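The chain is numbered in sequence order, starting from 1. These numbers were taken from a predicted model, which means no experiment stands behind them.
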Amino acid sequence: MLKILVTTFILFISLNAQSQNSKLILGKWVFKEALNKEVDELGRKTLKEQIINKMTYEFKSNGEFILFAMGKNASGKWSLANDQKSIIAIVGKEKIVIKIIKLTEDEMILKMGLGEFLMKRI
């Protein structure tokens, strides 16, 4: 009986933590800074012109997201990975794993591909 209670309690805590992280992600975020120091001059120029303060993600509570990048909207489905350390984004048939490095009420640091980006809630 004790084992069942402990297992139920751990499951409850796990689901509660997932709910808390999901709630923190909800909303609209803008890319504010590329944290990679090894970006070359062309990369920095592209980031400044097309990404920083322009590219946004909006994560909705119904599991959908909208990405605004390079003057266009894209949308898909999102969910939090079981380990709470990644966002799983589905765009069409493509599955993209975005690692969460930091998540607070106002800031999120994401690792996407080779880049790490600071995002701020807007």
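For the atom pair N36 CG and K111 NZ, the distance stands at 7.0 Å (nearest 0.5 Å). Between the CD atom of E58 and the OG atom of S75 there is a distance of 11.0 Å, given to the nearest 0.5 Å. F117 contributes atom CZ, which lies 16.0 Å from atom CH2 of W29 (distance to the nearest 0.5 angstrom). Atoms CZ and CD1, from R44 and I52 in turn, are 12.5 Å apart once rounded to the nearest 0.5 Å. Rounded to the nearest 0.5 Å, atoms OG1 (T46) and CE (M70) are 8.0 Å apart. Distance check: L103 CG to D106 CG gives 10.5 Å after rounding to the nearest 0.5 Å.
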Discussion item. Go through it in stages, so that I can follow the logic: the residues are K102 and E107, the test is side-chain contact (heavy atoms from CB on, under 4.5 Å), and I'd like the CA-CA distance, side-chain angles, deciding distance and then a yes or no.
Written reply: CA-CA 7 Å; K102 177 183 177 183; E107 289 186 347; 3.0 Å; yes
Practice prompt. Decide yes or no on side-chain contact (heavy atoms from CB on, under 4.5 Å) for I122 and T56, but give the supporting numbers first.
Written response: CA-CA 9 Å; I122 55 174; T56 62; 4.2 Å; yes
Worksheet item: After noting the C-alpha distance and the side-chain angles of F59 and W78, does the key distance pass the ring-ring contact (aromatic ring centres under 6.0 Å, His included) rule?
Response: CA-CA 8 Å; F59 296 98; W78 76 278; 5.3 Å; yes
Worksheet item: Given the rule in the side-chain contact (heavy atoms from CB on, under 4.5 Å) test, do K95 and I88 qualify, once you have shown the distances and angles that lead to the verdict?
Response: CA-CA 7 Å; K95 177 181 174 182; I88 309 298; 3.6 Å; yes
Fill in: Stepwise side-chain contact (heavy atoms from CB on, under 4.5 Å) check, K32 with N53
CA-CA 5 Å; K32 284 300 206 178; N53 291 318; 2.6 Å; yes
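A pairwise comparison of heavy atoms in S86 and L80 identifies O-CD1, 3.5 Å as the closest pair. Scanning both residues, F31 and M119, for their nearest heavy atoms gives CE1-CE, 3.4 Å.
In the displayed structure, K28 atom NZ is contacted under 6.0 Å by at most 12 heavy atoms of other residues, nucleotides or ligands.
In terms of modelled atom types and a separation under 3.5 Å, the side chain of K54 and the main chain of K48 share a donor-acceptor contact. A donor-acceptor pair under 3.5 Å is formed between the side chain of R121 and the backbone N or O of E105.
Looking at L118 and L110, their side chains never come closer than 4.5 Å, going by heavy atoms from C-beta outward. Between K45 and L47 the shortest side-chain heavy-atom distance does not fall below 4.5 Å. Between E116 and I101 the shortest side-chain heavy-atom distance falls below 4.5 Å.
In this structure, I109 is not a member of the same hydrophobic cluster as M112, with clusters built from ILVMFWY side-chain heavy atoms closer than 4.5 Å. There is no path of hydrophobic side-chain contacts, each under 4.5 Å, that joins V97 to I100. I25 and I66 fall into different hydrophobic clusters, defined by Ile, Leu, Val, Met, Phe, Trp and Tyr side-chain heavy atoms under 4.5 Å apart, directly or through other members. In the hydrophobic clustering of this structure, I98 groups with M55; members are Ile, Leu, Val, Met, Phe, Trp, Tyr whose side-chain heavy atoms approach within less than 4.5 Å, directly or through other members. In this structure, M108 is a member of the same hydrophobic cluster as L67, with clusters built from ILVMFWY side-chain heavy atoms closer than 4.5 Å.
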